[in-house]
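Below: the structure, in structure tokens.
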Amino acid sequence: MTYDRYEPFRMSAVDADGGAAIYCEESGNPAGIPALWLHGGPGGSLGSGWYRTHFDPARYRLIGIDQRGTGKSRPAGGPTGEMDRQNTQQLIDDIEAVRRTLGIDAWVVTGISWGTTLALAYAQQHPQRVRALALMAVTTTSRSEVDWITEGVGRLFPAEWDEFERASQRRPGERVVDAYARLLASSDASTREAAATAWDRWENVHVSLDHPEIRNEGHVGPDRREEFARLVTHYWSNDAFMPGDNAILARLDRIQHIPTALVHGRRDISGPAVTAWQLHRGLPQSALTIVEGEGHGGPRQSAELTQALDRIAVRA
């Protein structure tokens, strides 16, 4: 089970590099175990606050942030948002700015989907600041994972992928994700709008295994569609700015001592369970829970993540 919804006790904007302001909300017990939640995307946000239901409000001081360029953080994303500071290293630096501003020495770092990639990258750079990791719908945003979600998974949805590929207008030898990143960086508003709409539709297709009726719906609202698509293609086309020897799976030795909970759905065709398994094999202090019958997130995975966080709180 998860916890009932509760509201933040403090909301603030933390100053970060380049004049950015990172939206931050604190919930739970101000004297509790510090924990950081990292949302999905890239280009997602804290949204309705659903993430709080995973944390015992009596035991955790929970910090949620909207990552640079998304949600309530500034500068905002979209066609006018700055992109020269949009990279994984900058997001890690933003997290450190939040930690220092809030006076936290070390925290439990948690997240979902892209948030798990960012959590792992942060832990590898600042292992002394991470008490434990708790991750759901696990990804590392490697090139092979991105190529799977943008091209390989089309074998399961061939008609929808054909439409998605044609809308990319890719050039000979160009990856689909690179073509979309190029279109979404266009100075022409209609080009960006068409690319964002096609990308948004595909995002909904590959998470629709259990709910085929949603395949023609949007993944995010039209007001955020371009912001989301531009950011996600920017990071994905650049291997999350961690190529080759800098990839997460190549640097697991840095975090092998950190207690880690991994929760993943067996039917997650967007991010197959092999990534979670590879992480588990490389992290001696990890526990992997595969939830049968669920895809990229779900209520049973949420319950498993909550139980893992409860166990972490007992040991802390």
Side-chain angles (χ1 to χ4, degrees), residues 1-3 5-6 8-10 12 14 22-40 44 46 49-67 91-140 248 252 254-264 276 279-280 283-289 297 301-316:
M1 291 182 62
T2 55
Y3 292 93
R5 287 179 179 264
Y6 51 96
F9 63 79
R10 183 183 298 120
S12 60
V14 173
I22 306 303
Y23 172 73
C24 173
E25 54 187 36
E26 299 176 68
S27 311
N29 181 356
I33 303 161
L36 171 69
W37 174 263
L38 297 171
H39 62 68
L46 295 177
W50 155 87
Y51 73 96
R52 297 185 209 110
T53 64
H54 299 98
F55 298 83
D56 183 346
R59 293 194 281 190
Y60 279 104
R61 176 191 177 191
L62 174 58
I63 294 94
I65 63 171
D66 278 339
Q67 295 159 32
L91 298 186
I92 290 171
D93 292 346
D94 290 346
I95 292 170
E96 275 294 274
V98 170
R99 183 191 62 78
R100 290 191 300 268
T101 299
L102 298 184
I104 294 168
D105 180 63
W107 43 11
V108 177
V109 180
T110 69
I112 185 172
S113 192
W114 157 256
T116 71
T117 294
L118 184 54
L120 288 160
Y122 173 80
Q124 288 178 333
Q125 189 162 332
H126 298 285
Q128 74 280 11
R129 301 302 181 188
V130 180
R131 300 169 66 165
L133 289 162
L135 311 174
M136 180 170 70
V138 182
T139 72
T140 69
I248 284 171
L252 293 183
R254 301 184 182 190
I255 56 172
Q256 288 182 333
H257 64 287
I258 298 176
T260 300
L262 305 167
V263 180
H264 204 83
L279 283 165
H280 176 54
L283 298 176
Q285 301 300 315
S286 68
L288 171 61
T289 302
Q301 287 173 72
S302 287
E304 291 288 348
L305 183 68
T306 301
Q307 291 177 31
L309 286 163
D310 286 347
R311 290 192 294 268
I312 290 169
V314 169
R315 295 194 300 266

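Values below: every heavy atom of this structure, side chains too, minus hydrogens, waters and symmetry copies.
Shown here for Ala97 and Val14, the closest heavy-atom pair between the two residues is O-CG1, 3.7 Å. Arg59 and Asp310 make their closest contact through NH2-OD1, 3.4 Å (heavy atoms, listed as atom of the first residue, atom of the second, distance). Considering all non-hydrogen atoms of both residues, Leu133 and Ala119 come closest at CD2-O, 4.0 Å. His280 approaches Ser286 most closely through the heavy-atom pair ND1-OG, 2.8 Å. Between Ile104 and Arg61, the shortest heavy-atom distance links the atoms CG1-NH1, 3.7 Å. For the residue pair Val109 and Leu135, the shortest heavy atom distance occurs at O-CD2, 4.3 Å.
Note that CZ of Phe55 is 12.0 Å distant from OG1 of Thr2, once rounded to the nearest 0.5 Å. Interatomic distance, Leu305 CG to Thr53 OG1, rounded to the nearest 0.5 Å: 9.0 Å. Interatomic distance, CG of Leu120 versus CG of Leu252, reported as 8.0 Å (0.5 Å rounding). In this structure, Trp107 CH2 and His126 NE2 are separated by 10.5 Å, a value rounded to the nearest 0.5 Å. In this structure, the separation between CD1 on Ile65 and CG on Leu118 is 7.0 Å, given to the nearest 0.5 Å. One finds the CD atom of Gln301 at 7.5 Å from the NE2 atom of His264 (value rounded to the nearest 0.5 Å).
Just one residue in the list Thr110, Leu279, Val138 forms a side-chain contact (heavy atoms from CB on, under 4.5 Å) with Thr116, and that residue is Val138.
A donor-acceptor pair under 3.5 Å links the side-chain atoms of His39 to the main chain of Gln67, judged by distance alone. One N or O on the side chain of Arg52 and one on the backbone of Tyr6 form a donor-acceptor pair closer than 3.5 Å. Judged purely by atom type and a 3.5 angstrom limit, Arg129 uses its side chain to pair as donor or acceptor with the backbone of Asp105. Without hydrogens or angle criteria, Thr101 side chain to Val98 main chain gives no donor-acceptor distance under 3.5 Å. Tyr60 places no side-chain N or O within donor-acceptor distance of the main-chain N or O of Val108, the cut-off being under 3.5 Å. Counting only distance, with no hydrogens or angles, the side chain of Thr117 and the backbone of Thr139 share a donor-acceptor pair below 3.5 Å.
With a 4.5 Å cut-off on side-chain heavy atoms, Thr289 and Gln307 do not count as touching. Side-chain contact between Arg99 and Pro34: absent, with no pair of heavy atoms (C-beta onward) separated by less than 4.5 Å. Cys24 places a side-chain heavy atom less than 4.5 Å from the side chain of Leu102.
Ring pair Trp50/His54 is perpendicular by interplanar angle, where above 60° counts as perpendicular and below 30° as parallel.
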Applying side chain to side chain contact (heavy atoms under 4.5 Å, CB included) to Tyr23 and Leu46, what does each step give before you reach the verdict? CA-CA 10 Å; Tyr23 172 73; Leu46 295 177; 4.0 Å; yes
Are Trp37 and Ile112 close enough, and set up right, to give a side chain to side chain contact (heavy atoms under 4.5 Å, CB included), and what steps lead you there? CA-CA 8 Å; Trp37 174 263; Ile112 185 172; 3.5 Å; yes
Check step by step if side chain to side chain contact (heavy atoms under 4.5 Å, CB included) holds for Ile33 and Ile312. CA-CA 10 Å; Ile33 303 161; Ile312 290 169; 6.0 Å; no
